[in-house]
Number of protein chains: 2
Amino acid sequence: MRPTVHDIAAAAGVSLATVDRVLNQRPGVRLVTREKVEAAIRQIGYIRDVAAANLAKSRVYPLVFIVPTGDNSFMHGLRFEVHQATLRASIERTDIRIVEVPPFDVPALVTALNTLQGQDIAGVALVATDAPEVRTAVDRLVSERIPVITLVSDLTDSARHHYAGIDNIAAGRTAARLLGRFLGGREGDLTVLAGSMLVRDHRERLQGFSAVMAEEFPKLRLLPVLEGRDDPEQARSLVSKALSANKSIIGIYSLGAGNRGLIAALKAVRPERELTVVVHELTQHTRAALLDGTIDAVLNQDAGHEVRSAIRVMKATADGQAVIADQERIRLDIFLKDNLP
Amino acid sequence: MRPTVHDIAAAAGVSLATVDRVLNQRPGVRLVTREKVEAAIRQIGYIRDVAAANLAKSRVYPLVFIVPTGDNSFMHGLRFEVHQATLRASIERTDIRIVEVPPFDVPALVTALNTLQGQDIAGVALVATDAPEVRTAVDRLVSERIPVITLVSDLTDSARHHYAGIDNIAAGRTAARLLGRFLGGREGDLTVLAGSMLVRDHRERLQGFSAVMAEEFPKLRLLPVLEGRDDPEQARSLVSKALSANKSIIGIYSLGAGNRGLIAALKAVRPERELTVVVHELTQHTRAALLDGTIDAVLNQDAGHEVRSAIRVMKATADGQAVIADQERIRLDIFLKDNLP
DNA sequence: CTGTTAGCGCTTTCAA
DNA sequence: TTGAAAGCGCTAACAG
């Protein structure tokens with residue numbers, strides 16, 4: 001049996017209440033008493049039973065998820081996963097509120113964050129748009145001792161406690177190598193479709209992609225980036241135009257969302273144009289396109305894992321507990337047509 | 001506040017003890033009473049608080065992990081992860097015992113399993129050697145209502161409750177496509193290095209690999225499989241011999257462990273021989289080889305995830321609780337030199 | 001067959 | 001500043 005508060009109380013010669021006050025750093029304990037108790041705690045190797053504590057406190061963790069609205073499947077999926085988490089709320093002692101904001105909209109995000117100030121919240125997770133105003137709002141919450149976690153896209157130089165998302169530079173590099181190797185020494189142009197350079201994940205993917213291309217695949221030339229705002233219709237239109245304007249395009253890297261539109265554009269030029277295509281985010285559309293050969297590889301982040309991880313980390317942060325680091329590392333999933341889940 | 005046993009008791013007009021007996025399907029309740037209580041439970045939408053129950057029971061979950069000994073890094077890593085789990089034992093209410101058996105040794109595995117009969121165990125996880133005798137031993141444990149989970153390699157036609165491992169057919173197929181595409185239309189021979197055809201994971205990887213090669217890469221010819229028993233020294237020797245005997249080998253798929261030996265053999269013929277190489281299991285050796293270009297891709301299963309998942313599933317099974325299916329799916333990780341963790 | 005009661009490890013009044 | 005006692009949701013003796 002591991003030691004309990006009773007053992008500490010006995011060892012320190014005080015009552016349970018005093019032990020509890022020390023454990024929870026509450027006032028009303030003389031310094032000498034406190035030190036006596038702390039010594040006992042260390043000496044005896046006490047580990048708190050969080051479940052029992054939460055039972056006694058009837059604790060629930062009020063959590064807020066701030067996610068972008070938007071028509072693309074990835075954000076749909078993310079919102080779905082948060083919703084799934086609400087179904088587990090009672091058993092996980094969470095109380096999850098979802099706040100939706102327009103995508104790439106800095107003022108809206110800042111307003112949403114500022115609204116949370118002073119509220120009784122055990123943690124907030126947000127898909128960050130990477131702007132100084134957002135950083136300021138986040139840092140203010142952090143200074144109020146509210147756990148803040150960025151989800152999917154990180155916030156530069158902010159004090160957020162944790163980032164639940166993939167390494168986007170590595171993702172871009174991986175995309176480059178896959179595309180480069182799949183193209184096997186051919187020469188030609190590459191077009192890159194992004195959502196917006198306002199979000200850090202897209203910028204980083206591009207950065208990683210460009211680096212590897214420059215270093216290792218000099219025969220492949222990058223065209224100027226197309227920004228489709230993660231919107232299927234804009235993506236379709238931009239890609240169609242690019243393909244008809246430039247006949248030496250032999251590969252495409254789509255590093256954002258809105259791939260439904262990209263796929264439509266690709267199908268419109270098939271089978272005349274032979275293109276090697278790597279995209280991000282596994283959705284019903286990219287899955288089908290992978291299976292029918294329209295695209296060659298899908299890089300993915302598991303939204304379910306991201307949401308569950310964010311919840312675990314917010315709870316742990318709120319309690320000052322450690323997490324299992326490996327478990328919270330969000331990996332870059334690579335899907336070919338053979339290993340789809 | 002969600003309903004508690006008190007609410008059920010009140011609603012059904014019985015005492016807590018009776019409610020508890022019904023909830024835990026213990027005898028000593030008249031049929032009518034039981035039905036009254038069950039009706040109340042359903043009506044009121046009761047969800048059991050497992051943490052509180054475990055607190056009251058001072059419950060611990062005695063778990064057994066049966067893992068192969070053996071000199072290769074993967075099994076080392078697996079044993080390490082089980083060991084890590086023992087460090088979390090008190091907080092997770094587990095009591096983990098590790099039983100080591102020689103690799104590919106059916107009688108030893110059967111003995112280990114049979115020893116567990118009748119013991120007070122909340123679950124056993126084993127790396128299965130796929131033999132009928134093992135199946136019999138496993139099914140006996142299952143019939144004793146002990147949760148049994150296969151780890152890394154599954155057991156054909158057995159009644160095990162769950163398999164915590166990757167889809168190995170998909171892994172083999174993925175390896176084939178990567179190798180095929182990386183070789184970009186070249187013609188030549190491929191050699192496959194396996195551990196043993198006695199384990200199902202290796203058989204399935206080969207099966208998936210062969211299928212895609214035959215369907216989609218007819219210019220690449222498969223040589224007879226080399227069986228290295230997952231032993232570095234045997235692997236080195238077999239591969240060296242094969243490479244010097246056949247100068248038209250242009251690719252290698254290593255689907256088992258012991259890659260330390262494979263890498264040594266590859267380095268011995270470099271840079272004269274240009275080979276595209278895909279291997280399984282990320283270890284310090286394969287990581288270094290990936291970085292220095294000796295191998296081109298590593299397929300991996302996350303041993304830490306497998307162990308943590310096995311523990312969650314054993315506990316849930318012991319309690320008759322559901323798990324989050326997505327969370328327990330073990331994915332095939334694909335590592336290029338750019339996305340190493 | 002059913003109910004009463006104490007207690008799991010921790011927190012929280014309320015008194016002293 | 002400290003302690004006694006009740007209680008979180010559930011289980012386990014022990015009576016009846």
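Because only heavy atoms are used, hydrogens play no part in the values below, and waters and symmetry mates are left out as well, while side chains stay in. First the proteins, then the strands, lettered A, B, ... as listed; each starts at 1. Quantities reported herein were computed from a predicted structural model and do not represent experimental measurements.
- Under the 3.5 Å distance criterion, with hydrogens and angles disregarded, no donor-acceptor pair is assigned to the side chains of A/Gln84 and A/Arg79.
- Between B/Thr33 and B/Leu55, the residue whose closest nucleotide on DNA chain C is further toward the 5' end is B/Thr33.
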Test log, rule side-chain contact (heavy atoms from CB on, under 4.5 Å), inputs A/His305 and A/Ile330:
CA-CA 7 Å; A/His305 187 191; A/Ile330 309 295; 4.0 Å; yes
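- In this structure, B/Arg48 reaches the D/dT11 phosphate: one of its side-chain N or O atoms is under 4.0 Å from OP1 or OP2.
- When side chains are defined from C-beta on, B/Arg160 does not count as touching B/Ile149, because their heavy atoms never get closer than 4.5 Å.
- Note on A/Asn54: nothing from the nucleic acid sits closer than 4.0 angstrom, heavy atoms only.
- Between B/Gly28 and B/Lys57, it is B/Gly28 whose nearest contact on DNA chain C lies nearer the 5' terminus.
- As judged by a 4.0 angstrom heavy-atom cut-off over every strand, A/Arg93 is placed among residues making no nucleic acid contact.
- Listed candidates were C/dG3, D/dT2, C/dT2. Nearest to the side chain of B/Ala17 is C/dG3.
- Judged by atom type and distance alone, A/Arg2 does not reach the base of C/dG9 through any side-chain donor-acceptor pair under 3.5 Å.
- Residue-to-nucleotide proximity on DNA chain D shows that, of B/Asp20 and A/Ala52, the 5′-proximal contact is made by A/Ala52.
- Distances shorter than 4.0 Å separate some side-chain N or O of A/Thr18 from OP1 or OP2 on D/dG3.
- Among C/dC10, D/dT2, D/dC10, the nucleotide with an atom closest to any side-chain atom of A/Thr4 is C/dC10.
- There is no side-chain donor-acceptor pair under 3.5 Å between B/Arg312 and B/Gln321.
- Checked against D/dC10, C/dC10, C/dC1, the side chain of A/His6 finds its nearest nucleotide in C/dC10.
- Note on B/Val14: only backbone sugar-phosphate atoms sit closer than 4.0 angstrom, heavy atoms only; bases stay farther off.
- Listed nucleotides D/dC10, C/dC10, D/dT2 differ in distance to B/Ala56; the shortest reach to its side chain belongs to D/dC10.
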